[in-house]
Amino acid sequence: MSQAVVERLTAHFGERVLETSDAFGDHEVVVAIKDWAEVAQFMKDDSDLQMDHFIDLTAVDYPERESSRFDLLLMTRSSVTGARIRLRTYVKDGEEPGTLSGIWSGANWAEREVWDMFGIKFNGHPDMRRILLYDEFVGHPLRKDYPIDKAQPLVPYREVSDIDKLPPFGIEEGQPFARIDWEARLAGGDNQVSPAIGVQQGQRRTLSDSEAAQQIQARIKARMAQESAEGEASEHSAEEGSGQ
Amino acid sequence: MEPADELSNDQASLELSADPMRLNMGPSHPAMHGTIRMVIDLDGETLVNLDVQPGYLHRGFEKSCERGTWAQVFPYVDRLNYVSPMLNNVGWALAVEKLLGIEVPERCQYYRVILGELARVADHFTCNGASAMELGAFTPFLWLLKVRDWVWDILERETGARMTHSFGRIGGMAAPPTATFKDDVLRLIPEVHKVVKETEIMLLRNRIFLDRMQGVGVLTKEQALSYGVTGPMARSTGIPYDVRKDHPYLVYDRFDFDVPVGEDGDNWDRFMVRLEEIRQSVRIIEQAIEQMPDDGPINIDDPRIVYPAKDDVYTTIEATIAHFKLVMEGLRTPKGEVYSFTEGGNGELGFHIVSDGSGTPYRVRVRPPCWYGLAASREMLLGGMIADIIPTFGSVNMIGGECDR
């Protein structure tokens with residue numbers, strides 16, 4: 001049933017279907033990003049396929065891959081035949097695949113979530129806002145280079161003038177243990193496992209309290225310097241604006 | 001008395017704005033469950049525009065999964081749909097087992113089915129009870145929730161926790177069924193039937209309830225498919241899609257049960273579909289109790305996957321090491337990607353998992369059924385009255401933990 005979908009797509013698109021797979025029983029078709037929306041539209045409209053039931057759209061981040069950073073996945077089902085198919089394409093950082101929200105309404109929110117979490121914008125999407133996070137959020141958290149314990153800046157109306165009013169989670173709070181230290185790994189450093197695991201495996205030594213305190217203070221200083229620099233810049237631009 | 005159109009200009013020119021009024025509903029609104037904000041443009045009491053904003057309960061579930069072992073995800077999935085956490089536990093276990101290419105013993109499969117269906121009964125009772133309460137009928141709410149407590153009593157005896165069980169394990173369950181498990185469940189079944197009957201007596205002939213439910217919040221079949229709506233919400237529009245029937249997992253293909261469908265896709269149909277599904281779940285439970293073997297292993301026999309027995313961990317060095325390796329390094333999965341889906345309380349609960357061959361998930365994507373239900377709620381609400389938001393939103397059964405993850 002699902003195999004027939006793969007065959008139909010291969011027959012219709014020929015070489016534009018880059019790869020097919022049925023690993024673990026999930027049927028999959030890989031296409032180039034320029035064909036993404038066209039293949040999706042065809043799957044929905046074709047009388048043999050009728051993939052009219054939208055299931056899911058999501059992405060996976062592979063920051064170490066040279067050719068293209070993200071995998072974009074679409075899962076659909078046919079309410080007529082019961083067949084299921086996964087469509088995959090590769091997206092470079094900054095590339096904008098065409099939106100599917102005109103084909104399946106459910107893709108609207110799914111694409112907003114992919115934008116929110118991975119920073120992939122969709123060309124022609126009617127409403128490309130963040131959906132789970134808020135506008136002031138910096139970065140896209142499901143990217144591998146987004147540290148899980150990263151602190152977010154306060155939103156503007158809570159102006160930070162002194163150090164006691166840092167964000168609700170201090171810089172060193174949160175979730176410090178992870179299996180892989182993505183920051184170090186992407187920088188090509190030696191310490192690719194996270195500190196907690198690294199200490200266990202003898203690759204890293206535990207920091208003494210004073211060393212840890214020094215590190216924290218250095219980070220806070222850097223952060224304050226950055227904030228005051230930004231503040232001056234914005235004041236400067238505001239003055240310019242009022243002068244005109 | 002002079003007719004209204006001959007009133008003096010002073011009286012007629014009261015400044016009534018013709019622009020729609022913008023109203024914020026939620027997130028701190030009892031009907032929005034504290035986790036959804038709706039920005040509404042109102043013309044009188046009619047909704048002319050609507051923006052549904054989720055995200056107030058976003059806790060970074062998917063990111064958090066990328067930092068532990070495969071087994072450490074179980075406590076997280078408990079907190080997705082926290083009204084029926086057992087279904088999520090089973091769904092996650094099945095996803096990793098699909099990746100590993102293993103199948104749990106038959107006794108465990110029946111055990112999972114029964115626990116899962118009990119959770120579904122509790123889920124549907126909670127949703128229907130809350131729907132009635134939000135329309136002012138407080139008695140049905142308490143009446144229906146007492147069944148949830150009975151179900152939770154059984155789950156507590158089995159798992160040790162009423163709500164966040166963390167009871168699933170990759171390759172089995174945390175513990176075998178207790179000696180009284182079958183009797184406990186069999187004692188519950190007539191009570192469930194009784195309460196379903198009582199619910200029908202209490203609500204189905206109530207004028208207020210009918211007026212608020214029938215023809216309100218209509219979702220068409222095409223909209224449901226296009227929005228990716230599944231579960232009771234999709235079935236209420238007439239789509240006979242149930243993962244248990246269409247893609248049977250565990251031992252669902254051995255049971256005789258029906259998939260109830262509605263016709264209109266309104267609040268009433270969603271309410272009735274859930275009520276009927278309770279009956280069908282009980283049918284499944286009855287058959288599963290009958291077919292479930294009393295003896296036999298619960299876990300698969302593979303020390304690379306299943307935790308050793310606690311007694312052995314404390315007394316033998318082999319089990320201690322095995323336990324340590326499984327906890328600290330996690331079990332190794334083959335490299336690859338799978339999408340595994342089960343019928344959750346609200347519809348197709350899917351896990352798309354990517355493994356890089358290590359003991360840690362590379363990426364976990366949850367397909368939350370009520371996320372797409374909520375996305376479709378805009379279509380269901382637009383053009384209706386502001387008061388209709390409450391029953392319609394209630395019958396979508398948005399569960400914050402699952403929707404926002």
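Note on naming: letters A, B, ... go to the chains in the order of the sequence lines (proteins, then strands), and numbering restarts at 1 for each one.
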Measuring from Gln53(B):CD to Leu132(A):CG, what's the distance to the nearest 0.5 Å?
-> 11.5 Å
Within-4.5 Å side-chain heavy-atom neighbours: Glu337(B) and Asp26(A) = no
Can you find a heavy atom in the side chain of Tyr62(A) that is under 4.5 Å from one in the side chain of Asp356(B)?
-> no
In this structure, which one of Ser105(A), Ser79(A), Ser78(A) forms a side chain to side chain contact (heavy atoms under 4.5 Å, CB included) with Leu225(B)?
-> Ser79(A)
Contact class of [X] relative to chain A, heavy atoms under 4.5 angstrom:
X: Leu57(B); answer: neither
X: Val338(B); answer: both
X: Asp246(B); answer: side chain

Taking every non-hydrogen atom, the tightest pair across [X] and [Y]:
X: Trp371(B); Y: Ala110(A); value: NE1-N, 4.4 Å
X: Tyr362(B); Y: Pro63(A); value: OH-CD, 3.7 Å
X: Trp109(A); Y: Val52(B); value: CZ2-O, 3.7 Å

Using the ring of Phe341(B) (Phe, Tyr or Trp, six-membered ring only), decide whether Arg77(A) places NZ or CZ under 6.0 Å from its centre and within 45 degrees of its axis.
-> no
Looking at Tyr339(B), is Arg84(A) sitting on its ring face, NZ or CZ under 6.0 Å from the six-membered ring centre and within 45 degrees of the normal?
-> no
In terms of heavy-atom pairs under 4.5 Å with chain B, the winner among Arg129(A), Met75(A), His53(A) is His53(A)
Under a 4.5 Å heavy-atom cutoff, which of Met117(A), Arg86(A), Glu113(A) has the most pairs with chain B?
-> Glu113(A)
Using the six-membered ring wherever Trp is involved, compare the ring planes of Tyr372(B) and Phe54(A) and label them parallel, tilted or perpendicular (cut-offs 30° and 60°).
-> perpendicular
Taking [Y]'s backbone N and O only, do any of them form a donor-acceptor pair with [X]'s side chain (distance below 3.5 Å, no angle check)?
X: Ser226(B); Y: Trp104(A); result: no
X: Lys63(B); Y: Ile148(A); result: no
X: Arg363(B); Y: Ala59(A); result: yes

Let me know if [X] has heavy atoms under 4.5 Å from chain B in its side chain, its backbone, both or neither.
X: Asn108(A); result: neither
X: Arg143(A); result: backbone
X: Ile55(A); result: both
X: Leu57(A); result: backbone
X: Ile103(A); result: backbone

Count the heavy atoms belonging to other residues, nucleotides or ligands that lie under 6.0 Å from CD of Glu263(B), then report whether that count exceeds 12.
-> no
Do Arg365(B) and Asp56(A) sit within salt-bridge range, that is, some charged N less than 4.0 Å from a carboxylate O?
-> yes
Would you call Asp52(A)-Lys221(B) a salt bridge at under 4.0 Å N-O?
-> no
Polar contact flag, side-chain donor to acceptor under 3.5 angstrom, Thr58(A)-Arg367(B) = no
